[in-house]
Amino acid sequence: MRRPLHPAVRVALGVLGPLLLLAAWQAYVRLADVDPILLPAPTDVAASLVDDRSLLWDAFVVTGQEVLLGLATALVLGAGLAILMHLSAIVRAMLGPLVIGIQAVPIPVLAPVLVFWLGFGVGPKIVIVAIICFFPVVINTLDALDRVDPDLGRLLQTMGASRRQRLRWVELPAALPAALSGAKVAVAIAGIAAVFAEYAGAEQGSEGLGLLINSARFSLATDRAFAAVFILAVFAVLTTGALALAQRLLAPWAHRRPGAPR
Amino acid sequence: MRRPLHPAVRVALGVLGPLLLLAAWQAYVRLADVDPILLPAPTDVAASLVDDRSLLWDAFVVTGQEVLLGLATALVLGAGLAILMHLSAIVRAMLGPLVIGIQAVPIPVLAPVLVFWLGFGVGPKIVIVAIICFFPVVINTLDALDRVDPDLGRLLQTMGASRRQRLRWVELPAALPAALSGAKVAVAIAGIAAVFAEYAGAEQGSEGLGLLINSARFSLATDRAFAAVFILAVFAVLTTGALALAQRLLAPWAHRRPGAPR
Amino acid sequence: GERDEPGASAPPPPTEELSLLLDYHPNANHVGIYKAEADGRFEDAGLKVRIQQPSDPATVLQQVAAGRVDVAISYQPEIMLARAAGSDVVAFAAVVQRPLTSLISLPHAKIAKPADLKGKTVGTAGIAYQTAYLDTILEQAGVDPKDVKRVNVGSGLNQALIGKKVDATLGAFWNYEGVELTRRDRRPVVVPVDELGVPEYAELVLVARAETLRDRESAVRRFVRAVAVGYDAVKRDPVRGTIPLLRANRDLDAELQEEVVEKTLGAFFPKDDDKPWGWLDFDGWARYGQWMVENGLLKQRIALDQAVTTDFLPGEGAGEGRKTPGGKATPSEALPGYRGS
Amino acid sequence: MGYPGGSVRVQSPPSGPAAARPLTARGIVRRFGDLAVLDGVDLDVAPHETVALVGPSGCGKSTLLEMVCGLQAPDAGTLDAAPAALMPQRDLLLPWLDARDNVALPLRLAGSGRREARAAADALLDRVELGRFARSRPDELSGGMRQRVSFLRALATERELLCLDEPFGALDAITREELRHWLAERLEERPRSVLLVTHDVEEAALLGDRVIVLGPRPAGVVARISVDAGPARRREATDPAVVDARRRIHDALRTAMRGDEVAAT
Amino acid sequence: MGYPGGSVRVQSPPSGPAAARPLTARGIVRRFGDLAVLDGVDLDVAPHETVALVGPSGCGKSTLLEMVCGLQAPDAGTLDAAPAALMPQRDLLLPWLDARDNVALPLRLAGSGRREARAAADALLDRVELGRFARSRPDELSGGMRQRVSFLRALATERELLCLDEPFGALDAITREELRHWLAERLEERPRSVLLVTHDVEEAALLGDRVIVLGPRPAGVVARISVDAGPARRREATDPAVVDARRRIHDALRTAMRGDEVAAT
Ligand SMILES: Nc1ncnc2c1ncn2[C@@H]1O[C@H](COP(=O)(O)OP(=O)(O)OP(=O)(O)O)[C@@H](O)[C@H]1O
Ligand SMILES: Nc1ncnc2c1ncn2[C@@H]1O[C@H](COP(=O)(O)OP(=O)(O)OP(=O)(O)O)[C@@H](O)[C@H]1O
Ligand SMILES: [Mg+2]
Ligand SMILES: [Mg+2]
């Protein structure tokens, strides 16, 4: 009967962990005398966070939007495709290798084609984020659907349930918890996906964090690049945390406390 | 009682799907008269596959090695960390946000630092592939461990099982199928991870597919870049397929045929 | 205050949209474009220029060739490669007249002259023609190429240099990284490749599809003239001329950009004062093409009369310089902007 | 896969005014690999008849029920069954639905609105003393409570043929008696055909119009016992006919399972 | 969480030569939210005694067993128990182990080698007619077969106190009788203390040295019945003492569950 940690303790530890890392990093940079163009000290990064806050904020708004739209697309299409592949062995056989193969296409090869079709606006970024995030959702949802206790579905069959009803009442709820693991992976990598997506280019004045990082590196302003990375990391932690919460709220039956009876 | 497709049919459909895509692509390129430096026709890509085969093969050997080593690292460390986080609420609270945050660090920012520490050899590539592939493994394994029916563990407790024994006999086998979904995601993205990893740099003459794609693009030899992508895609399909098979062999109890009784 | 004030009744000229794709993130090399825009030169010319930036320079010609953008800034070698690959892209003005690509090293590597590269490690961006520069440089310096270790570091040139993972890099710009490293007191040794035996070429060039030049000749012409005015304005007052660039791109460091503009001013204009801004030196293109052939970068020489035109340049230059290598062959009448001579 | 040897006909739902026999099974054979489970079982259920199925553990009763419900196919033999509702041996409640929604499920599947179905489910739950657990999820219920919910879920389907696999096995004697009565009552009000698997010989005698006793694996029918004790609702455990049936079932079972021993005594 | 009111002491495994009482529970109270389940239960099990626990479905029997095994804590009261082996109500076999490895599990956990543990498990499986299913996974077994495997797994632990939650509920009458005999025999050979939850009143009377009857929720002990019918191994269902105990248990249960009705008749 393990006690779960008090939420306040959990948050404190969650902050402590990264703080320890930052402290070690600071010490390393100072002691090993690493060139700040290569690896700036956390204090320099913090200074850049403050100095460049309006710049970073504007870029974050752009990237945040790409992340959210791309993620939403990935979740909807990913879950949809997984269901389709689950329902139809033919769709599954035909699309399975394609879905995996597309996953292996490096963004720099893909991006120009998408830009050609969709322009330098938010379009290709959403597509790229969606492509990157889509895959964990598909695989996890599909695998979870495959693992659902077949007896439940068969019982519903005896009640005259249609295929759609079986999906609605048994397979989707049963697969939900594991499918959400995929969503969590998707959420966590969405930020980095947006960064890559922005390599596709942008209209003047609507640069996101990805372009900002890149041009900061070009100008050897590594501290600013790291400041942007810091924002991305915090964003990923927060969105993933939100999804972990959603996971518990959406599928409470799958998260019985180990201490509780039965 | 749905009949599963005959394996031969499945393979045929799996080939047909991509073939249809290629045909559509060929038609599009021809009809829309797209410039080949943006999007070469599949036939051009095929020609490059043949012409540049020795070049591509050498690069593939390099990349394949990075993929396999990075993947192995990711699987071992990912599963290990997930287990550690599952066992210790403190480790989990401290490392959770860090693990997610690191996931959000764009490779181009990370790569130079890794090169600084590890040089231009295979070291930084393995680290980068491992970092990218590690996360789906951790999240899926951890979530799967969290979802294990607590009654099973509690029953073992009454048998005097130690924490380690509970892990060995109940939690690991119970979590295995869902954890393998994470491994599948990792395997599928390992190729693209290696491509990004190679942006860390390599000595001339030992460039993998990632650098090959990069220099092909700067030479506007887009057909060669796509040929490399094709190899990556096929590799991803094969390795993921192998893992799907492993999933069924390692956890047969989780894959009862829906048609079979009980 | 030079604008004429047409009668209040005269309708404003219809504005035409023109998309411009930069070669990379906005920086001091683009200073004239922003100046022109801020001064309303594009507006006056009846243009609405949409500036777009890639993060990946390799994509620029792809978008031009495919028709996604009207005009773009690219690199002379890449335009020649694109032509060889069958794309009908044409260079119609040079933004930077000479090579910016340089061999850069830090003092600790003790590379004073190319011969010192022997036994050293050089980082390149993995771009084939740049790697060939190294071959040429070593050849000129009499160093056996086998005695130099090369590392393909992609976009991490500066990081590799600063991390001392390489002794020198080939691929960074003397006017950008060179200046920035100096400003940051790293005391770099910076030598442009053309000073090491590589034939001179124009680093940044305006390019468009032939089709665009034909169909939108007037718009492109007006665009080039407006940009030229912008660069001229920068030349007259570099400090104030840089302000529009900084306004439009808040992430740029003012002092750095000003210093870069200062250093680059000369390269924005042809050496020969008689030539207009944007001049394209056909002989230079020919020599460079020859070098590419010799180094296996091109299978054969490309027809320059299809690849380059000066017809869109302002003032005296317009319609003048269109030449084929050696100045013998007659210009192709199919060439965009051709008005006979 | 498919149906290698056996043939199955599921009757279309509205079996017409002169209702056909809800279940006719002839020569049913079922094997799992080289394990012969059922070996030529003949079984009929007449309209509105309750047939109790008794047999040793592992002889194939649940398997037979699944075949009747169309979830498995016999390896040989023919089977002609009306659409049937199944109460499976393990409760198979949906963990994400509370007790009420689990019971309401068949109604929802048949097209009822949520509110209507829930009201019906609540009424049923009240009947088995689970009213206050309507909103509890299965993992908050005791074993016997889950069994009752599962039982109600089967009843809630308006199917002509009910296949109940040990419906009262996890209940205490008193509750079991009550539910047995209630079932008998409901069957009188709204007659249906029932195929009832039970290990409780008394229960078989109290509820069954006929009792079919299966032998050990590979199982065939070893006895068919008619219980001539009047309608189930009015039977008492002490009725001579019930006591007699009980004895006969028990003997048949014992004989089938340890044939020689009995012969020896 | 933690143990807000109740206190639990688990005895350390080797309880010394003069073994302490395996179970002493005083005033056990257990609530789930505002549902009062157990309300002041006193319960003792003497060394080598078999205590049967009977009560209405949902009254808290399984909950009590879990508390004895240390899986839950009482909200009030004190509980002092020897380490106990639990056979849970739902079989809880590990799906990834075959029948043999499931039975061998407690031995493996106690440090036996794989081969040795498997041999012991095979011997046990043979005893309950499951020899040929040693290599079957739980999903290939019938309900009663799974129950037997789970029963064997509990027996295989060499714990002093056995907590059995309806061990024979899913078995046919004959097999149930056999297993009951076998258990009685084993307990004679190697005496242990047993806390046995059952819904079968006869079973309680046949196996229990004492029978504790719980009332409906919130449950307290409504009757403590001693069965003076000699050692369990030699009891017959027809022994007068057994018949008498059976009647008394049944009456106690009925009175507790529908008190007024009985008073009325
Ligand atoms: N999927 C399966 N694979 C292999 N064997 C199976 C499978 N399903 C059932 N069996 C076997 O079929 C036999 C009959 O099983 P079934 O569940 O029908 O028995 P039952 O009569 O319901 O027993 P119980 O009274 O114990 O529930 C058993 O021996 C079982 O092992
Ligand atoms: N985790 C839980 N949350 C809420 N209520 C619970 C929980 N576990 C058990 N209960 C309630 O406690 C009561 C007793 O449950 P328990 O399983 O102990 O009953 P039981 O006596 O074993 O019944 P049965 O004979 O039906 O198995 C039930 O009303 C049940 O709903
Ligand atoms: Mg059964
Ligand atoms: Mg219970």
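To find a chain, count down the sequence lines: A is the first, B the second, and so on, and within it residues start at 1. Hydrogens, waters and symmetry mates play no part in the numbers below; they use all other heavy atoms, side chains included.
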K.L.:
Per the side-chain hydrogen bond (donor to acceptor under 3.5 Å, both in side chains) rule, what does the pair list look like for residues 107-117 of chain A, sequence neighbours excluded?
P.N.:
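The answer is A:W117-B:Y28.
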K.L.:
Specify which of B:V187, B:V9, B:V99, B:N140 makes the most heavy-atom pairs with chain A at under 4.5 Å.
P.N.:
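Of the options given, most contacts go to B:N140.
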K.L.:
With a 4.5 angstrom heavy-atom cut-off, is it the side chain or the backbone of B:I213 that approaches chain A, or both, or neither?
P.N.:
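Side chain only.
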K.L.:
If you take all heavy atoms of A:I100 and B:A188, which pair is closest and at what distance?
P.N.:
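So the minimum-distance heavy-atom pair works out to CG2-CB, 4.2 Å.
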K.L.:
Pair A:V105, B:I192 - check side-chain contact (heavy atoms from CB on, under 4.5 Å), show working.
P.N.:
CA-CA 7 Å; A:V105 179; B:I192 195 172; over 6 Å; no
K.L.:
Check the pair A:M94, B:V15 against side-chain contact (heavy atoms from CB on, under 4.5 Å), reporting the backbone distance first and the verdict last.
P.N.:
CA-CA 7 Å; A:M94 275 185 68; B:V15 173; over 6 Å; no
K.L.:
Among residues 236-246 of chain B, which residues come closer than 4.5 Å to chain A, judged by heavy atom distances?
P.N.:
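At a heavy-atom separation under 4.5 Å, chain A is reached by B:A236, B:V237, B:T240.
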K.L.:
Determine the option with the most heavy-atom pairs under 4.5 angstrom with chain A, choosing from B:I189, B:V148, B:I90, B:L98.
P.N.:
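Of B:I189, B:V148, B:I90, B:L98, B:L98 has the most heavy-atom pairs under 4.5 Å with chain A.
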K.L.:
I'd like to know which of A:P136, A:A193, A:P177 tops the heavy-atom pair count under 4.5 Å against chain B.
P.N.:
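Among the listed options, the one with the most contacts to chain B is A:P177.
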K.L.:
Can you say whether B:I107 sits under 4.5 Å from chain A via the side chain, the backbone, both, or neither, judging by heavy atoms?
P.N.:
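B:I107 touches chain A through backbone and side-chain heavy atoms alike.
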K.L.:
What residue in B:L39, B:V109, B:L21 has the most heavy-atom pairs under 4.5 Å with chain A?
P.N.:
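Option with the top pair count is B:V109.
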K.L.:
Within this structure, what is the NZ-CD1 distance for the pair B:K184 and A:I139, rounded to the nearest 0.5 Å?
P.N.:
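B:K184 atom NZ to A:I139 atom CD1 measures 5.0 Å (nearest 0.5 Å).
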K.L.:
Which pairs pass side-chain hydrogen bond (donor to acceptor under 3.5 Å, both in side chains) with one or both residues in residues 224-234 of chain A, sequence neighbours excluded?
P.N.:
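Listed by first then second residue: A:D52-A:R224.
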K.L.:
As an exercise: rank A:G191, A:G153, A:P106, A:A12 by heavy-atom pairs under 4.5 Å with chain B and give me the winner.
P.N.:
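Option with the top pair count is A:P106.
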K.L.:
What is the minimum heavy-atom distance between B:D143 and A:S181, and which atoms define it?
P.N.:
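The answer is OD2-OG, 2.8 Å.
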K.L.:
So which atom in B:L38 and which in A:P112 form the shortest heavy-atom distance, rounded to 0.1 Å?
P.N.:
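Scanning both residues, the minimum pair turns out to be CD1-O, 3.8 Å.
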K.L.:
Give the member of A:A178, A:A251, A:P108 that has the highest number of heavy-atom pairs under 4.5 Å with chain B.
P.N.:
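Among the listed options, the one with the most contacts to chain B is A:P108.
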K.L.:
So, for A:F226 and B:V113, which heavy atoms are closest and what is the spacing to 0.1 Å?
P.N.:
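Distance-wise, the nearest heavy atoms are CZ-CG2, 4.5 Å.
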K.L.:
Quick check on B:L19 against chain A: is it the side chain, the backbone, both or neither that has a heavy atom closer than 4.5 Å?
P.N.:
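Nothing of B:L19, per the 4.5 Å heavy-atom cut-off to chain A.
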K.L.:
Given the options B:Q103, B:R10, B:R147, which has more heavy-atom pairs under 4.5 Å with chain A than any of the others?
P.N.:
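It is B:R147.
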K.L.:
With chain A as the partner chain, list the residues of residues 227-235 of chain B whose heavy atoms fall under 4.5 Å from it, by residue number, and write 'none' if nothing qualifies.
P.N.:
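Interface residues of residues 227-235 of chain B: B:V229, B:L232, B:A233.
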K.L.:
Just give me the residue among A:P18, A:A216, A:A144, A:A190 that pairs up with chain B most often, heavy atom to heavy atom, under 4.5 Å.
P.N.:
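Among the listed options, the one with the most contacts to chain B is A:P18.
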K.L.:
Most heavy-atom pairs under 4.5 angstrom with chain A, which of B:A93, B:G17, B:A225, B:G96?
P.N.:
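Looking at each option in turn, the highest pair count goes to B:A93.
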K.L.:
Under 4.5 Å from any heavy atom of chain A, what part of B:V195 do you find: side chain, backbone, both or neither?
P.N.:
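B:V195 touches chain A through side-chain heavy atoms alone.
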